[in-house]
Amino acid sequence: MSLARLIGGFVRRHWQSYASSAVMLVGVAICTVLIPRKVGALIDALAANQLGQHELLIGIAQLLGLGAAIYVLRVCWRIRLYSAAYNLGVELRTRLYARLAAQGPGFYQRQRTGDLMALATNDIDAIEMAAGEALLAAFDGTLTLVMVLGIMTLGVDWRLALVALLPFPLMGLAFWYISTHIHTAEGDALKRFSALNDHVQESLTGVRTLRALGLEGRSAQQFGELAGQAAQASLTAQKWEAAYEPAVGLALTAATGLTLGVGGYLVWNNELTVGALTSFTMYLGQLIWPMFAAGWVLTLIERGRAGLARLQPMLDIPLTVEDKGTIEQVGQGALVLDGVTFAYGGPDSKERPALTDVSVTLAPGQTLGLVGPTGAGKSTLLRVLLRQATPQRGQVSWAGHALADYRLNALRAATAWVPQESFLFSATIAENIALARPGASRQEIEQAAQMAAIHDDILRFPYGYDTPVGEKGITLSGGQRQRVAIARSLLADNALLLLDDALSAVDTGTETRILEHLAELRRARPERAAIIASHRLSAVIQADHIIVLRDGRVTEAGTHEQLLALDGWYASQWRYQQLEASLDAI
Ligand code: ATP
């Protein structure tokens, strides 16, 4: 979409604000052109000795009144207009946010966070300015230009106007040349700012790693270089912007010279009064604003176009996971994976698929254990169930319907997922747990925390459940974070619980307690199913069915006892982990 169409559509929706601003601007333009006319008339009356003290005072009062009216109208239109233009910023930011929220992990793998943040701030600011400041400055400038030119030609002397305006076409040519360079320079400045933003975001997120590796100096140097490049790009844009002013100055000086020359000649020949020449010179001065406005508008429009050129592709990137399903609720029934194959790079990629021909069935109330060496495809399988990844071959169905037939919200409402790296927001512990069910009572939150074996730890924090965590609060250990995330998922009370190595950072004693609590919960709600992906086999021994994934394929399947009897990877891993645990206990 072009900037003109975007702004056009916005203006149509907010036409009342724009129309009232335009009416006020017409008022400003009328008052503005009346002033030189009044001054010219006063001078001519003075020169002809026809102006008494009383008339002079009235004339001055009228001029002051016009000045005051211009002031009030200008303040009013600006307030009216900006409150409308800021809405465009809100609309665009909401659209961008909604799009970002709907994108899947594949999108975020390709995009840089700092870039997205720059789009939501700097680039949208640029578009907002084009819709507000630029649009009205363009209207104001054009209106003033037309009225001043009209009064110069029709109200004073058309010959003088024709000569005085000769330098302006040249100025227009210079404006066109400058604006094309501004477009490139502004695009570059926005891009450099994005890169700088990205570096800050990444360095702050990884500040501990940088410190541990002693890389602060290198990171600071990189920051300095990026900041320098961003400043240089902005400076280049500013240099081109600065070229507008001298062009206006040159054109006006030339016009004033021509006015005095030709105007003086006309006065000598008694074809023009001194008052009319004064009015004309004042009108010429009034052309400064439309000229500046033209330069300012071109700069803002080029900046807005550069911003939109960066924003639009982001809004147009197809959703990595389409939400085209129509079924609103997941019913009772088994979850079935039938011959599922998935490769991250797509079906034609040369990479080995992360999952190959995986088939498994999980009935309501059952627990499936998912084990295998690192990189075997455990997380990928869970991503397929979460519809973060769409299989290239095979079928996934739940309660008799393909996953794609459900609305994403329906699937999300039926599934609780605790990822390997659980994220806690900058809020209190209670708020973090209640995220899954904002209306939950304190008692329910505490119950969920007890189930996740984190309740006692929370009571030891300075403010208990009201202790803030994250950037502005305390930092939880990896195991505590995992258990808060588990509490959050249990509070949600969904039909399917997915734990992706979510017990890896807790000791085996706590792991056993949590697993016992989960078993209790399932007894209370027999239709609840769970999938536990884990490195540690102790997390899955109670599962109704266990599959072993290796290189994306199911190599072994059965209960704990059956797998031990098979004497394959599972049995040897079990013996190894048992030995490790007994050595740890010594
Ligand atoms: P771990 O136990 O170490 O978490 P995992 O069994 O969960 O491993 P996955 O994370 O599912 O394994 O990874 C399976 C394969 O897919 C690996 O070879 C991995 O490198 C690859 N992979 C995982 N995520 C991506 C991704 N986003 N893009 C490309 N390849 C990926």
Side-chain angles (χ1 to χ4, degrees), residues 100 102-113 116 202 205 317-321 335 337 339-360 362 367-394 396 403 415 417-423 478-479 481-482 485-486 489 496-506 508 511 530-541 543 545-557 563 568-570 572-574 576-577 580:
L100 294 182
Q103 287 290 8
F107 171 85
Y108 289 98
Q109 215 178 321
R110 290 190 299 274
Q111 304 300 331
R112 301 186 313 173
T113 315
L116 299 176
E202 235 174 51
T205 313
I317 292 179
L319 292 180
T320 44
V321 179
L335 185 63
L337 278 89
V340 166
T341 296
F342 171 79
Y344 278 99
D348 306 324
S349 118
K350 292 203 173 55
E351 280 173 46
R352 181 174 52 77
L355 294 174
T356 308
D357 205 15
V358 174
S359 298
V360 66
L362 176 67
T367 297
L368 173 71
L370 201 56
V371 293
T374 176
K378 303 183 290 293
S379 303
T380 308
L381 197 148
L382 299 187
R383 274 182 214 135
V384 166
L385 298 179
L386 289 160
R387 288 210 57 209
Q388 291 178 3
T390 309
Q392 282 99 21
R393 275 209 322 266
V396 188
L403 278 200
T415 318
W417 170 53
V418 186
Q420 277 174 353
E421 290 294 324
S422 34
F423 186 81
R481 255 208 322 272
Q482 281 192 335
I486 292 175
S489 69
L496 177 64
L497 176 65
L498 304 177
L499 298 183
D500 189 355
D501 233 348
L503 300 166
S504 58
V506 299
T508 31
E511 178 189 77
I531 300 181
I532 303 177
S534 176
H535 276 110
R536 243 185 356 225
L537 304 188
S538 53
V540 299
I541 50 175
H545 190 66
I546 302 168
I547 57 171
V548 177
L549 277 179
R550 294 183 71 188
D551 291 340
R553 290 177 185 274
V554 180
T555 53
E556 296 165 42
L563 288 171
W569 180 90
Y570 185 92
S572 70
Q573 199 64 21
W574 174 253
Y576 176 75
Q577 289 185 7
E580 206 176 36

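Atoms within a ligand are numbered from 1 in the order they appear, just like the ligands themselves. From a predicted model like this one, the values you see are computed outputs, not experimental measurements. Throughout, numbering of the chain's residues begins at 1 and tracks the sequence.
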Chemist: How far does CG of Leu563 sit from CD1 of Ile541, to the nearest 0.5 angstrom?
Modeler: 12.0 Å
Chemist: Quick one: closest heavy-atom pair of His545 and Ala557, and the distance?
Modeler: NE2-CB, 4.0 Å
Chemist: Under 3.5 Å, which donor-acceptor pairs link side chains of residues 384-393 to any protein atom two or more places apart or in another chain?
Modeler:
| from | atom 1 | to | atom 2 | distance (Å) |
| --- | --- | --- | --- | --- |
| Arg387 | NH2 | Glu322 | O | 3.2 |
| Gln392 | OE1 | Ala343 | N | 2.6 |
| Gln392 | NE2 | Ala343 | O | 3.0 |

Chemist: Could you tell me which residues satisfy salt bridge (Lys or Arg N to Asp or Glu O under 4.0 Å) with Arg112, sequence neighbours excluded, listed by chain and number?
Modeler: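 Scan of Arg112 (salt bridge (Lys or Arg N to Asp or Glu O under 4.0 Å), adjacent residues dropped) gives Asp198.
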Chemist: Which atom pairs, donor and acceptor, lie under 3.5 Å between side-chain atoms of residues 496-504 and protein residues at least two apart or in another chain?
Modeler:
| from | atom 1 | to | atom 2 | distance (Å) |
| --- | --- | --- | --- | --- |
| Asp500 | OD1 | Ser379 | OG | 3.4 |
| Asp500 | OD2 | Ser379 | OG | 2.9 |
| Asp501 | OD1 | His535 | N | 3.2 |
| Asp501 | OD2 | His535 | ND1 | 2.6 |
| Ser504 | OG | Gln482 | NE2 | 3.0 |
| Ser504 | OG | Asp501 | O | 3.0 |

Chemist: Do the ring planes of Tyr570 and Trp574 sit parallel (below 30°), tilted (30 to 60°) or perpendicular (above 60°)?
Modeler: parallel
Chemist: If you count only heavy atoms, which residues are under 4.0 Å from ligand 1?
Modeler: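 Within the 4.0 Å shell of ligand 1, which is judged on heavy atoms, sit Gln109, Tyr344, Ala354, Pro373, Thr374, Gly375, Ala376, Gly377, Lys378, Ser379, Thr380, Arg383, Gln420, His535.
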